[in-house]
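None of these values were measured; they are calculated from a predicted model. The sequence lines fix the lettering, A, B, ..., with proteins before strands; numbering per chain opens at 1.
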Amino acid sequence: MTSFLNAIISGLISGSLYAATALGLTIIYGVSRVFNFGHGVVAVMGAYLAWTILSAGGQLNMLLGILVSLVVLYIFGTLVYRFTINPLMKKPAWDISTVLFLLGGGILLENVLLQIFGPRVKSIPLLVEGNLKLGPVAIQLNDLFLIVIVLVGIVALNLFFKYTRLGQAMQSIAQSIPGAKVVGIDIERIFGLTFGLAFAVTGFSGVLLSTKYFLNPHIGWEWMVKGFVIVSFGGLGSTNGAIFAGLILGIVEAMVTLYIGAIWVWPIWFVIFMVVLLIRPQGILGGRL
Amino acid sequence: MLELNGVDGYYADLQVLRQVSLVVNSGEVVAMFGPNGHGKSTLLKTICGLHQASAGSIKFEGKEISSLPSHKIVEMGIAYIPEERHLFRDMTVMENLKMGAYNRRARPSTQQNLAFVLEVFPRLAERKDQLTSTLSGGESRMVAVARGLMSEPTLLMLDEPSIGLSPGMRHVVFESIAKINREKKITILIVEQEIRNALKLANRIYMLKKGQILFERSAADVNVEEIEKAYF
């Protein structure tokens, strides 16, 4: 019973982190219909940025690291859009050329990170120390904190999409590009801001993941593939779908690890992934931002 | 108010607009007739910046707009109501209307404009919290027109607003267009197939065939047979 409860809890923790990883992917796709194949490397870049500030040591703290990472990635995202994706989207077959371009860009960035930081594993220290004992179950406070951060982030994103002018513009574009043009939305400007927002969110998810797992220049691909499965399960373009799918797949992972062994996690994930694609290609919840 | 001179338009290699010149004066209702697939919709899309003219000039209130992006044109006061409506399906009626007031010029008067569109389309007040994907065809059309009005246009361009509607609903739509023109002094350029209904509204008409203006008439001189004949 205790191991079952522990598994559920660790499933919820990793699930919410996976959901966080998937958010950036789903936001960009939802608004611009571009699938970011360099997604995982962006998360890794965010984590390295925070790590760099942290390891500069002294009075520089975690919060500053996260802040720098958010700002730099926001700017990076808008620049990537402005100078590469925007011109690509004006050409025929942009949907496939942007995918290939971003894949190539991801590999390039991965190797740049490898040059700068080397292949050795780094880790970001826990955000909070200590344990919480609930009867037979012990939860690391850091894990609890991660879940809270992810939940707050999700709620904030939902409020942003629902109540801000910019969020509503993003939703409008997600639902109808011609409709958005007709009401006078500057599509290209909003695409740029969307890339900025999604890159910042993605980088932040990388920071969170690196407090729980390890960080190296190559780990982004694994994160991206997980994000991949989650968005196809929850509906590409749907933020709430990503959370829902992240939690379910996190619990699946924990249960599989507990009862049949960790090496079965990916095969089972991918069976789910392919079955969902075959039966409901729009995802379980459909594609609402 | 709106002046087109020698406008050409292409879809890939296919020329759909040939040397189109026309004028819409302030306060007028101008109807555009013509067979399907002869360039009427492309013409409206070209005016509002959704489609690029390959030659010619488009002037709105004296300013050249043919190379401006659509959001700038909306901000200048042209609203285009596409035949396909292009509503935001997962948003409520009210959210759709508020998106209509997105441009900087219309935003301050959102409340007054909202009051006016709900007066023109009382049905939308009843449906305000419903998602637009749950509306009937006629109601969706009302949302499309109302959303366009929320941008506070001085020129409203409608692409076949009555298509696919029941006779009763068509009547409502035409009545509303008349009211918009009469009470808000909004100039109207309407593309229609419902010739007789549109003639009741229009001050002038143009006939567009094979991408060219075939003739122009003032409402007083219109001869319905002449228009119908031009369709064949």
Side-chain angles (χ1 to χ4, degrees), chain A residues 26-27 29-33 82 86-87 89-93 157-194 234-242 282-289, chain B residues 12 41 44-45 47-52 68-92 94-107 110 113 131-133 140 143-153 156-159:
Chain A
T26 216
I27 291 172
Y29 182 83
V31 175
S32 70
R33 298 288 177 251
R82 177 69 188 81
N86 176 288
M89 284 178 86
K90 291 184 172 143
K91 303 216 165 71
L157 270 180
N158 267 302
L159 293 175
F160 168 76
F161 284 128
K162 185 94 185 143
Y163 293 109
T164 67
R165 190 174 133 78
L166 179 59
Q168 287 272 297
M170 287 177 181
Q171 278 221 45
S172 301
I173 296 175
Q175 292 174 32
S176 170
I177 287 182
K181 285 188 179 170
V182 161
V183 299
I185 295 173
D186 182 350
I187 307 280
E188 296 185 5
R189 184 175 156 264
I190 305 290
F191 278 176
L193 297 174
T194 302
L236 196 50
S238 161
T239 48
N240 292 329
Q282 72 276 40
I284 301 294
L285 293 188
R288 236 193 123 174
L289 202 65
Chain B
S41 298
L44 296 192
K45 284 182 189 153
I47 295 169
C48 73
L50 292 183
H51 191 82
Q52 282 303 308
L68 292 183
S70 51
H71 66 274
K72 295 262 187 227
I73 296 176
V74 174
E75 203 168 302
M76 290 175 76
I78 299 183
Y80 162 63
I81 316 298
E83 182 193 326
E84 308 86 343
R85 302 183 292 249
H86 297 306
L87 299 183
F88 307 123
R89 296 175 53 80
D90 295 328
M91 291 188 191
T92 65
M94 190 54 83
E95 286 170 327
N96 267 270
L97 296 183
K98 293 214 166 126
M99 283 319 292
Y102 184 83
N103 79 74
R104 215 171 301 137
R105 194 178 41 83
R107 223 176 311 156
T110 303
N113 291 333
L131 294 183
T132 55
S133 54
S140 304
V143 177
V145 176
R147 189 181 66 179
L149 286 173
M150 290 297 293
S151 73
E152 204 165 84
L156 180 66
M157 303 196 297
L158 302 119
D159 193 357

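- Between Ser70(B) and Lys181(A), the closest heavy-atom pair is OG-CB, 3.7 Å.
- Annotation for Arg105(B): atom CZ counts as buried by contact number, over 12 foreign heavy atoms lying within 6.0 Å.
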Item to complete: Give the C-alpha distance, both sets of side-chain angles, the deciding distance and a yes or no for side-chain contact (heavy atoms from CB on, under 4.5 Å) between Gln168(A) and Lys98(B).
Response: CA-CA 10 Å; Gln168(A) 287 272 297; Lys98(B) 293 214 166 126; 6.0 Å; no

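- Ile187(A) has its side chain out of reach of His71(B): every pair of non-hydrogen atoms, C-beta onward, lies at least 4.5 Å apart.
- Taking 4.5 Å as the limit, some side-chain heavy atom of Pro82(B) sits within range of a side-chain heavy atom of Val182(A).
- At least one side-chain heavy atom of Glu95(B) sits less than 4.5 Å from a side-chain heavy atom of Lys162(A).
- The closest side-chain heavy-atom distance from Arg107(B) to Arg165(A) is below 4.5 Å.
- Considering only heavy atoms from C-beta on, Met91(B) comes within 4.5 Å of Ser172(A) through its side chain.
- Between atom CZ of residue Phe88(B) and atom CD1 of residue Ile173(A) there is a gap of 8.5 Å, rounded to the nearest 0.5 Å.
- Separation of atoms CG (Asp90(B)) and CD (Gln171(A)) is listed at 8.0 Å; rounding is to 0.5 Å.
- Residue Gln175(A) holds its CD atom at 9.5 Å from CE of Met99(B), rounded to the nearest 0.5 Å.
- With a 4.5 angstrom heavy-atom cutoff, Leu50(B) touches chain A only via side-chain atoms.
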